[in-house]
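Just so you know, ligand 1 is whichever comes first in the structure, and atom 1 is the first atom listed for that ligand. Worth saying up front: this structure is predicted, and the values here are computed from it rather than measured.
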Amino acid sequence: MRLNSPQINIITRACMKASRSLIRDFGEIENLQVSSKGPGDFVTSADKRTETIIIEELQKAHPDYGIITEESGIINKENENNRWIIDPIDGTTNFLNGVPQFAISIGYEEKKEIKCGVIFDPIKNEMFYAEKGGGAFLNNSRIRVSSKKKLKDCLIITGGPKHSSQNRDKIYSEYINVSKNILSPIRKFGSAALDISYVAAGRFDGYWQRELNYWDIAAGLVILREAGGLVDFFENDEKAPLKKNILASNSHIHNELSDLILKKNIE
Ligand code: IPD
Ligand code: CA
Ligand code: CA
């Protein structure tokens, strides 16, 4: 670990502590898959348990900081200058199905600007982290976005529309439009936090998705930018500041990918 600001240390400690119980819970999933009740309720409690551990750890260090979390909502609402942004399990559906592609995501915001973030995949033991101005890292190694310049050769990842999506047709047509312009099929891995981290690490070249929540991507924003990537929010609803449509990629393909998604480039 190269960065050692107090905030990164606090987040990392919280992640490591919470991940021990998360790994134990993931081990239980296999048994629950075959039980008549199924793993649904268990996963909800695993989510809450993980979040509780994270909140306790973060509050030990700074009881006065604001917190935005997926499961418990907003804590210490009045403090908007120092805020933790938490997703205890990003990739819940994977977790529920015993698929090892999920992560804990924790970001730290100062005066509404994201300053540092940690995304920890406890199964692969991969910790992606960054602090503004300090570069981005995976475990002990510096990471950078890919240097591919031709969109056609790029590996692109996205999520799909949610069941409740109001933008289903739009999302499908974006998908078709992007896939017509690249050689490899579009990937879908089911964890927004890891999707962005993988772009930061150069494993994928670009990622876009509508209808995310801020906690899905807060930590990923600083990791991606510190790895040299570009992030755009598009067509966001100002009345719903925690909802985000995002495009993240290396700088070479950013405009071309953006034009395809925003339909400036349909034949
Ligand atoms: C979900 C994941 C998924 C994305 C969904 C998110 P959750 O978060 O990030 O990749 O497609 O939009 O809601 O529910 O697993 O924390
Ligand atoms: Ca999430
Ligand atoms: Ca979640």
Side-chain angles (χ1 to χ4, degrees), residues 14-15 18-19 21-23 25-26 29 39-55 67-75 84-107 114 117-124 126 128 156-168 170-172 174-175 178 186-200 203-204 206-221 223-224 231 233-237 240 242-248 261:
C15 268
S19 70
S21 108
L22 195 55
I23 291 168
D25 287 344
F26 188 61
I29 290 285
D41 290 346
F42 178 78
V43 170
T44 311
S45 48
D47 241 327
K48 297 212 168 101
R49 205 165 21 246
T50 311
E51 186 170 289
T52 304
I53 297 170
I54 294 169
I55 292 174
I67 302 182
I68 297 178
T69 68
E70 179 170 19
E71 303 300 325
S72 318
I74 303 183
I75 299 169
W84 309 110
I85 323 289
I86 305 168
D87 191 344
I89 308 178
D90 183 67
T92 323
T93 308
N94 286 340
F95 185 91
L96 174 68
N97 286 278
V99 176
Q101 182 73 4
F102 56 87
I104 297 172
S105 174
I106 309 176
I114 193 87
V118 174
I119 292 174
F120 183 49
D121 172 342
I123 304 301
K124 301 183 202 72
E126 288 193 324
F128 302 87
I156 306 294
I157 185 150
T158 188
K162 293 190 171 150
H163 187 65
S164 57
S165 177
Q166 304 293 312
N167 292 303
R168 196 167 283 275
K170 219 184 220 180
I171 293 169
Y172 287 142
E174 286 165 5
Y175 190 92
V178 173
I186 294 171
R187 265 50 181 168
K188 284 176 80 190
F189 278 21
S191 160
L194 288 177
D195 295 346
I196 300 179
S197 301
Y198 283 19
V199 176
R203 293 173 179 174
F204 297 128
Y207 166 66
W208 93 98
Q209 187 163 353
R210 286 180 184 267
E211 302 174 334
L212 289 170
N213 291 300
Y214 186 42
W215 49 80
D216 297 320
I217 45 144
L221 297 177
I223 296 171
L224 194 275
V231 181
F233 296 112
F234 59 95
E235 294 178 10
N236 281 310
D237 177 357
L242 294 181
K243 297 276 170 208
K244 303 281 179 197
N245 302 321
I246 187 181
L247 164 61
I261 289 161

Atom name, Asp87 (N, O or S, nearest to the Ca ion (ligand 3)): OD1
Closest protein heavy atom (residue, atom, distance) for atom 7 (P) of ligand 1: Thr92 OG1, 3.4 Å
Side chain, backbone, both or neither: the part of Asp90 lying under 4.0 Å from ligand 1 by heavy atom: both
Sub-4.5 Å side-chain heavy-atom contact between Ile217 and Phe233: yes
Gap separating the CG atom of Asp195 from the CD1 atom of Ile156, nearest 0.5 angstrom: 11.5 Å
Polar contact flag for Gly91 and ligand 1 (N/O pairs, less than 3.5 Å): yes
Asp195, portion touching ligand 1 at heavy-atom distance under 4.0 Å: neither
N/O donor-acceptor pair under 3.5 Å between Asp90 side chain and Ala193 backbone: yes
Side-chain donor or acceptor of Asn245 paired with backbone N/O of Phe234 under 3.5 Å: yes
Protein heavy atom at shortest distance from atom 16 (O) of ligand 1: Ile89 O, 3.1 Å
N/O separation below 3.5 Å, Leu212 to ligand 1: no
Expected output: side-chain Thr158 to main-chain Trp208 donor-acceptor under 3.5 Å: yes
CD-CD1 distance between Gln166 and Ile171, expressed to the nearest 0.5 angstrom: 10.5 Å
Residue and atom name of the nearest protein heavy atom (relative to atom 3 (C) of ligand 1), distance in Å to one decimal: Gly190 O, 3.6 Å
Ile106 and Cys15, any side-chain heavy atoms less than 4.5 Å apart: yes
Polar contact flag for Ser191 and ligand 1 (N/O pairs, less than 3.5 Å): yes
Interatomic spacing from CZ in Arg210 to CG in Asn236 - rounded to 0.5 Å: 9.5 Å
Shortest-distance N/O/S atom, Asp216 versus the Ca ion (ligand 2): OD1
Nitrogen or oxygen atoms of Gly159 and ligand 1 under 3.5 Å apart: no
Atom 5 (C) of ligand 1 - nearest protein heavy atom and its distance: Lys162 CE, 3.9 Å
For the Ca ion (ligand 2), the closest N/O/S atom belonging to Asp90: OD1
Validation row: Phe189, Leu194 side chains within 4.5 angstrom (heavy atoms): no
For the Ca ion (ligand 3): the N/O/S atom of Glu70 at shortest distance: OE1
Atom 4 (C) of ligand 1 - nearest protein heavy atom and its distance: Gln209 NE2, 3.5 Å
